[in-house]
Number of protein chains: 2
Amino acid sequence: MKDGNATRRRLLDAAAAEFAAYGIAGARVDRISANAKANKAQLYAYFGDKDRLFDAVFQEQADELVNVVPFSADDLPGYALALYDACLTRPNLVRLATWARLERVPAGALVTSMPEQAERKLAAISDMQRAGRIDPALAPEDVLAMVSMFALTWSPASLFHTATQADPEADHERRRQALAEAVRRAFSPPEGTAATGRS
Amino acid sequence: MKDGNATRRRLLDAAAAEFAAYGIAGARVDRISANAKANKAQLYAYFGDKDRLFDAVFQEQADELVNVVPFSADDLPGYALALYDACLTRPNLVRLATWARLERVPAGALVTSMPEQAERKLAAISDMQRAGRIDPALAPEDVLAMVSMFALTWSPASLFHTATQADPEADHERRRQALAEAVRRAFSPPEGTAATGRS
DNA sequence: GAGTAGTAACTAACTAGTTTGTTTGAGGAT
DNA sequence: ATCCTCAAACAAACTAGTTAGTTACTACTC
């Protein structure tokens, strides 16, 4: 039997690249099918229409986005650094998410399809707060959002400066150091606060 | 004489709203001229084409974006708070900048049209570093980018959670407090570092 | 009456989505 | 091996609606 999944796969990959580059409104169905070396009719058979194709792409990539960098509440600076590097190697992931934000989800939480992962991360932050490693005055959800956003300071979604792999390594090093240090300080418990161990 | 400038003004305003909502590719010239209660031919007479219209809008709004919140290097938390509030009252400013990033400037600095303002801010940060109020280990440009990005954690460009004015005031208060505290800690000089006054 | 503002119809190209007819290759039966 | 079937794949033409950009014409103001 011909491998229908392979065609589907090529279409999804081509669509991911196209949507990342041009967004939903800017993406061209003909370009997608051409780049996938597949037929437009096939695209429509598999995915219904352009919007549902974007949904399929985004759902898959959201998985990717949430999981490329393993979350470690006990090492927020390390997490931020890993995110910085991920933005360099996988810029399209960030671009795709940004298009989704602008064109689909103007307010509220962007990804709601993986509540268990989110819960896990928040719980991990809570744990670290109880262990005296993260400032307990901050809401776990805010910590997560702020750390992540911090790491995106030089991402393709940045409104200031987007870093690329072509940048001098010295720039990357400077940013990584600044990022790690700032994250470490921002979320540590205030000086003089003793860890309570367990209550 | 009929007031051509008024028409130009209405076109710019309608275009700003349209581009903020739909981006460049998604914006519709007909909608813009209709909402401006002006004619499409006028739009083309004034601005040439869709892309140059976007340029005109963005240049004007970039001014706005850079100046809505006065920068205060001696009160970075206050600056961040003001940015948070500005995102709530002027979400379109952020959306417009994000579209520009995605559709126009995929890498590097997003706004380069106001070098003197940028210089001023960086110099102010430098001053505060010399005065021992901001960690001198950080590059001024990184401080500026990180603080600003921090404040955009809940903006319309956030990949996590976009806040709106409709959110409960308690949420806003919680975020403002977290933001101010985190910014204060992140950029303060390390404990035990004495201000050198002037060298 | 001259120049500017405004209008509406128009064009030429593009785009999402569909249809038609054809080809390819795997697997089962003989 | 050979034939048959069937679903996946393909190319290309087609539809119907949309869109950026243009033009020819009218109305207003000085």
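So that the names make sense, note that chain A is the first sequence line, chain B the second, and so on, each numbered from 1. Basis for what follows: all heavy atoms, side chains included, without hydrogens, waters or symmetry-related copies.
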Sorted by chain and number, sequence neighbours left out, side-chain hydrogen bond (donor to acceptor under 3.5 Å, both in side chains) with A:His172 holds for A:Tyr84
Item to check | hbond_proxy A:Asn39 side chain to D:dA11 base (donor-acceptor, 3.5 Å cutoff) | outcome: yes
Residues passing the salt bridge (charged side-chain N to carboxylate O under 4.0 Å, His left out) test with A:Arg184, sequence neighbours excluded, are A:Glu181
ask   = Can a side chain N or O of A:Thr7 be found less than 4.0 Å away from OP1 or OP2 on D:dA8?
value = no
When rounded to whole Å, the CD to P distance for the pair B:Gln42 and D:dT23 reads 15 Å
Could you pull out every donor-acceptor pair under 3.5 Å between side chains of residues 66-73 of chain A and any protein atom, sequence neighbours left out?
| unit_1 | atom_1 | unit_2 | atom_2 | d |
| --- | --- | --- | --- | --- |
| A:Asn67 | ND2 | A:Asp63 | O | 3.0 |
| A:Ser72 | OG | A:Asp75 | O | 3.4 |

Open item on the list: Under 4.0 Å, heavy atoms only, any strand: does B:Lys37 hit a base, just the sugar-phosphate, or nothing?
Closed with: nothing
(message) I'd like to know if A:Asp127 pairs up with A:Arg133 as an ion pair, taking the criterion as any Lys NZ or Arg NE/NH1/NH2 lying under 4.0 Å from an Asp or Glu carboxylate oxygen.
(response) no
Numerically ordered, the residues 16-23 of chain A set in heavy-atom contact under 4.0 Å with DNA chain D is none
Sequence neighbours excluded, the answer for salt bridge (charged side-chain N to carboxylate O under 4.0 Å, His left out) partners of B:Asp74 is none
Applied to residues 16-29 of chain B, the side chain to side chain donor-acceptor pair (under 3.5 Å) test, sequence neighbours excluded, yields B:Glu18-B:Arg31
Below 3.5 Å is the cut-off: list the nitrogen or oxygen pairs between protein and nucleotides 12-18 of chain C, distance only.
| unit_1 | atom_1 | unit_2 | atom_2 | d |
| --- | --- | --- | --- | --- |
| C:dT15 | OP1 | A:Arg28 | NE | 2.8 |
| C:dT15 | O5' | A:Arg28 | NE | 3.3 |
| C:dA16 | OP1 | A:Ala27 | O | 3.2 |
| C:dA16 | OP1 | A:Arg28 | NH1 | 3.4 |
| C:dA16 | OP1 | A:Lys50 | NZ | 3.2 |
| C:dA16 | OP2 | A:Val29 | N | 3.4 |
| C:dG17 | OP2 | A:Tyr44 | OH | 3.1 |
| C:dG17 | OP2 | A:Lys50 | N | 3.0 |
| C:dG17 | N7 | A:Lys40 | NZ | 2.7 |
| C:dG17 | O6 | A:Lys40 | NZ | 2.9 |

Applying side-chain hydrogen bond (donor to acceptor under 3.5 Å, both in side chains) to B:Glu169 and not counting sequence neighbours gives B:Arg176
Residue pairs meeting ring-ring contact (aromatic ring centres under 6.0 Å, His included), one or both in residues 109-134 of chain B, sequence neighbours left out, come to none
